[in-house]
There are 2 protein chains.
Amino acid sequence: MSTLAEENYLKCIYHLSLNSENVSTNQISASINTRAASVTDMLKKLADKELINYTRYQGVSLTPAGEKIAVHIIRKHRLWEYFLVEKLDFKWDEVHEMAEEMEHISSMELVDRLDKFMGYPKYDPHGDPIPDSNGQFKKHDLQPVSTIGVNDTGVISGVRDHSPGFLQYLEKQQLTIGKKITVTEINTYDHSMVLEIEDSEIHISREVANNLLITL
Amino acid sequence: MSTLAEENYLKCIYHLSLNSENVSTNQISASINTRAASVTDMLKKLADKELINYTRYQGVSLTPAGEKIAVHIIRKHRLWEYFLVEKLDFKWDEVHEMAEEMEHISSMELVDRLDKFMGYPKYDPHGDPIPDSNGQFKKHDLQPVSTIGVNDTGVISGVRDHSPGFLQYLEKQQLTIGKKITVTEINTYDHSMVLEIEDSEIHISREVANNLLITL
DNA sequence: TTATAAATTTAGACAAGTCTAAATTTTATG
DNA sequence: CATAAAATTTAGACTTGTCTAAATTTATAA
């Protein structure tokens, strides 16, 4: 099997791959807070194990084997986050660090039983889809609130920024998963928006609008 | 905090301390499947951190700080075992390895919430007491079935051998935690015993009688 | 009570994963 | 398109936790 460090690299490469086809050493370095030289070393190990495609100076991508492991780690991470919020009553901004540890518990059987225990949830507390035991999941069609116009409506379904600070802000503003919002006003100067949500009005900045995701 | 390896050494020393005041390098070596030379290295590290009392060639004992960590690891191990059996429907012989991983999840808050979620259980699936969040627990007064005589009765409350093989045997014979047994016969030649349990009779060997623990 | 066996420790080495500093390759710019 | 800047890799070193082999200490037994 893979070591803890290997799993973290694969997961990191997976996430970065969602934005760019090939992932650079520096991107990984920044993302996991590790020097580029160390990243290079690890990339060689992962390439030897055929978990990534790697050519010097050209960045990397996951092989099917590498992606399978990455998705399984993400499955575990999101299931444990769901468990922590739904069963142990943690808030959505408190669970990330704990799940970072729990995602490395190895037993497949355990994950599947946990999944069953919770009723096979489809999304984690932040709206991210939970892969099933075969690694399948539908990425739902999300877009930032900032992309819709006045009088358009949507349902809050995810976040782009998972930081506790942002999540706490959303919680305080009642901007939580599942809420229906309507854009009532857009300020052309700073692109801030006014949203209608459950009969009250909320003013959000462009930055918030960029990081809050909705389905139409 | 402590590393994974350090936590395992402390836990190991704690368990061995239950039988002998001072624990020897070789005992630890055998128990965690690591060469005595490596154990010596780690003992020096733990002594530097003042988690154990160590004098060369004389064996070790836990300091209060070391014991506190060990008991906390054991608390986590037993709570997760309870979770796996009671919530995820694993059998009592299946959970040890998984709990060995889970016991190293660090969040204190998580453990306490897990404890609450399950209703503050007092004993794990093998009858071992679960320390509370202050590290307190009462070791109940157990004795091997082999120590009682004909017509004596007891309630199965623990096991001395935690191996899957032994646990599976007990399960098959219905010799599970909470069952009331009465000794109806003792074979003086091989010390095997006949037990009455829920109106049926079971023949057990001396070895089994030594590893099955009861309260009177 | 001394020789021998057993237990323990020291010495030196290694793998994993990280680091800094220097070298190399790629990219961007004047 | 040549060269400076940025990105990446190589080289060499360090820490943790392990190992083997050899030395040392303690325990045992004739």
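Because the structure is a prediction, the values reported are computed rather than measured. First the proteins, then the strands, lettered A, B, ... as listed; each starts at 1.
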- Query: Are B:K45 and D:dT16 close enough that a side-chain N or O sits under 4.0 Å from OP1 or OP2?
  - Reply: no
- Message: Just checking B:D141: does its CG atom have more than 12 heavy atoms from other residues, nucleotides or ligands closer to it than 6.0 angstrom?
- Response: no
- Message: At a heavy-atom distance below 4.0 Å, what parts of residues 56-63 of chain A sit against DNA chain C?
- Response: A:Y57, A:Q58
- Item | B:E103/B:R78 ion pair, N-O < 4.0 Å | no
Would you tabulate the side-chain donor-acceptor contacts of residues 37-47 of chain A under 3.5 Å, counting partners in other chains and residues two or more places apart, or write 'none'?
from	atom 1	to	atom 2	distance (Å)
A:T40	OG1	A:A36	O	3.2

- Query: Quick check: are there more than 12 heavy atoms from other residues, nucleotides or ligands sitting under 6.0 Å from CD of A:Q143?
  - Reply: yes
- With a 4.0 Å cut-off, would you call B:R75 and B:D115 a salt bridge? yes
- Quick one: how far along DNA chain C does chain B reach, first to last nucleotide 5' to 3', anything under 4.0 Å to a heavy atom? C:dA7 to C:dT10
- Message: If the threshold is 4.0 Å, N to carboxylate O, is there a salt bridge linking B:E100 and B:K11?
- Response: yes
- Query: What are the residues of residues 8-39 of chain A, sorted by number, that bring a heavy atom to within less than 4.0 Å of DNA chain C?
  - Reply: A:Y9, A:T34, A:R35, A:A37, A:S38
- Does NZ or CZ of A:K87 come closer than 6.0 Å to the centre of the six-membered ring of A:F117, within 45° of the ring's axis? yes
Please tabulate, for the side chains in residues 130-139 of chain A, all donor-acceptor contacts under 3.5 angstrom to protein atoms that are two or more places apart in sequence or on a different chain.
from	atom 1	to	atom 2	distance (Å)
A:D132	OD1	A:N134	N	2.7
A:D132	OD1	A:G135	N	3.1
A:D132	OD1	A:Q136	N	3.0

- With sequence neighbours excluded, what pairs up with A:E67 under the side-chain hydrogen bond (donor to acceptor under 3.5 Å, both in side chains) test? none
- Any idea how A:W80 and B:W80 line up, ring-wise: parallel (<30°), tilted (30 to 60°), or perpendicular (>60°)? perpendicular
